[in-house]
Amino acid sequence: MLERIKASFSGNGETDSVISRYAACDVLVLDDLGKEDAKEWSSNMMFLVINARYENMRPTIFTSNYSPQALSKRLGRKGETETAEAIASRLSETTIPIHLTGPDMRIASRM
């Protein structure tokens, strides 16, 4: 998602429509949240999408290797703590955590 938003910065005014597409789609799945770069730009773009979905009560599925508290620290690791905390807060309020345990199937399948 972030790469698609970044690619829309070509100056043709497409950026808002790309962000709106992710903010308004019926269901959005964000995989491996917390693995992206923690730059101010990526945190702000993530917040724009997550906050719009939060305000409009749009279903979003997140996967992450981080708890909400650890995710907040991870997203804010380069100083963007306020935005990181806002993202984690919205996720905590609107999600039902499902903790998966067991071996990493990518590793286990090669053994």
Side-chain angles (χ1 to χ4, degrees):
M1 177 184 78
L2 292 174
E3 289 301 318
R4 179 67 185 101
I5 293 170
K6 185 185 283 186
S8 72
F9 284 179
S10 62
N12 61 4
E14 183 184 347
T15 303
D16 287 342
S17 68
V18 171
I19 293 170
S20 293
R21 178 179 170 205
Y22 291 110
C25 64
D26 291 337
V27 177
L28 180 66
V29 178
L30 295 174
D31 187 34
D32 261 347
L33 193 60
K35 294 294 184 189
E36 64 282 340
D37 192 354
K39 291 181 181 173
E40 180 180 354
W41 176 87
S42 54
S43 293
N44 287 334
M45 293 300 108
M46 189 71 69
F47 177 79
L48 285 174
V49 172
I50 290 172
N51 188 58
R53 297 188 68 74
Y54 169 81
E55 288 178 349
N56 292 300
M57 299 187 334
R58 297 252 182 226
T60 309
I61 299 169
F62 303 92
T63 69
S64 181
N65 289 326
Y66 303 98
S67 69
Q69 297 79 17
L71 182 61
S72 178
K73 288 181 182 178
R74 176 81 180 164
L75 293 174
R77 68 189 179 274
K78 292 189 179 174
E80 196 56 41
T81 56
E82 188 174 316
T83 302
E85 289 170 0
I87 291 170
S89 173
R90 282 155 180 74
L91 297 182
S92 292
E93 183 180 346
T94 60
T95 59
I96 300 169
I98 299 173
H99 301 280
L100 302 178
T101 60
D104 183 330
M105 296 309 292
R106 286 171 273 194
I107 294 171
S109 67
R110 290 186 279 178
M111 296 181 151

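The chain is numbered in sequence order, starting from 1.
Note: the hydrophobic cluster containing L48 does not contain Y54 (ILVMFWY, side chain heavy atoms under 4.5 Å, direct or indirect links). Residues L30 and I87 are members of one and the same hydrophobic cluster, defined by side-chain heavy-atom contacts under 4.5 angstrom among Ile, Leu, Val, Met, Phe, Trp and Tyr. W41 and L33 fall within a single hydrophobic cluster, where Ile, Leu, Val, Met, Phe, Trp and Tyr are joined by side-chain heavy atoms under 4.5 Å apart, directly or via other members. A continuous path of hydrophobic side-chain contacts links M46 to F9 [ILVMFWY only; heavy atoms under 4.5 Å].
Not a single donor-acceptor pair under 3.5 Å links the side chain of R90 to the backbone N or O of E55. Distance alone, capped at 3.5 Å, places no donor-acceptor pair between the S64 side chain and the D32 backbone. Panel note: side chain S72, backbone Q69; no donor-acceptor pair is recorded below 3.5 Å. A distance-only check finds no donor-acceptor pair linking the side chain of N56 to the backbone of R58 [under 3.5 Å].
The closest side-chain heavy-atom distance from N44 to T83 is below 4.5 Å. Taking 4.5 Å as the limit, some side-chain heavy atom of R53 sits within range of a side-chain heavy atom of C25.
Once rounded to the nearest 0.5 Å, the distance linking CE of M57 with OG1 of T94 reads 11.0 Å. Atom OG of S89 and atom CD1 of I50 lie 11.5 Å apart (nearest 0.5 Å). To the nearest 0.5 Å, atom CE of residue M1 and atom CE of residue M45 are 9.5 Å apart. Annotation: the span from E85 atom CD to S43 atom OG amounts to 11.5 Å, rounded to 0.5 Å. The structure places CZ of F47 at 14.0 Å from OG of S42, a figure rounded to the nearest 0.5 Å. One distance of note links CD1 of I98 with CD1 of I61; it measures 9.0 Å at 0.5 Å rounding.
Here the closest heavy-atom approach between residue E36 and residue R77 is recorded as O-NH2, 3.0 Å. Between T60 and F62, the closest heavy-atom pair is CG2-CZ, 3.2 Å.
Heavy atoms from other residues, nucleotides or ligands lying under 6.0 Å from NZ of K39 number 12 at most. In the displayed structure, R21 atom CZ is contacted under 6.0 Å by at most 12 heavy atoms of other residues, nucleotides or ligands.
Salt-bridge formation is detected for the pair E14/R4: a Lys NZ or Arg NE/NH1/NH2 atom is positioned less than 4.0 Å from an Asp or Glu carboxylate oxygen.
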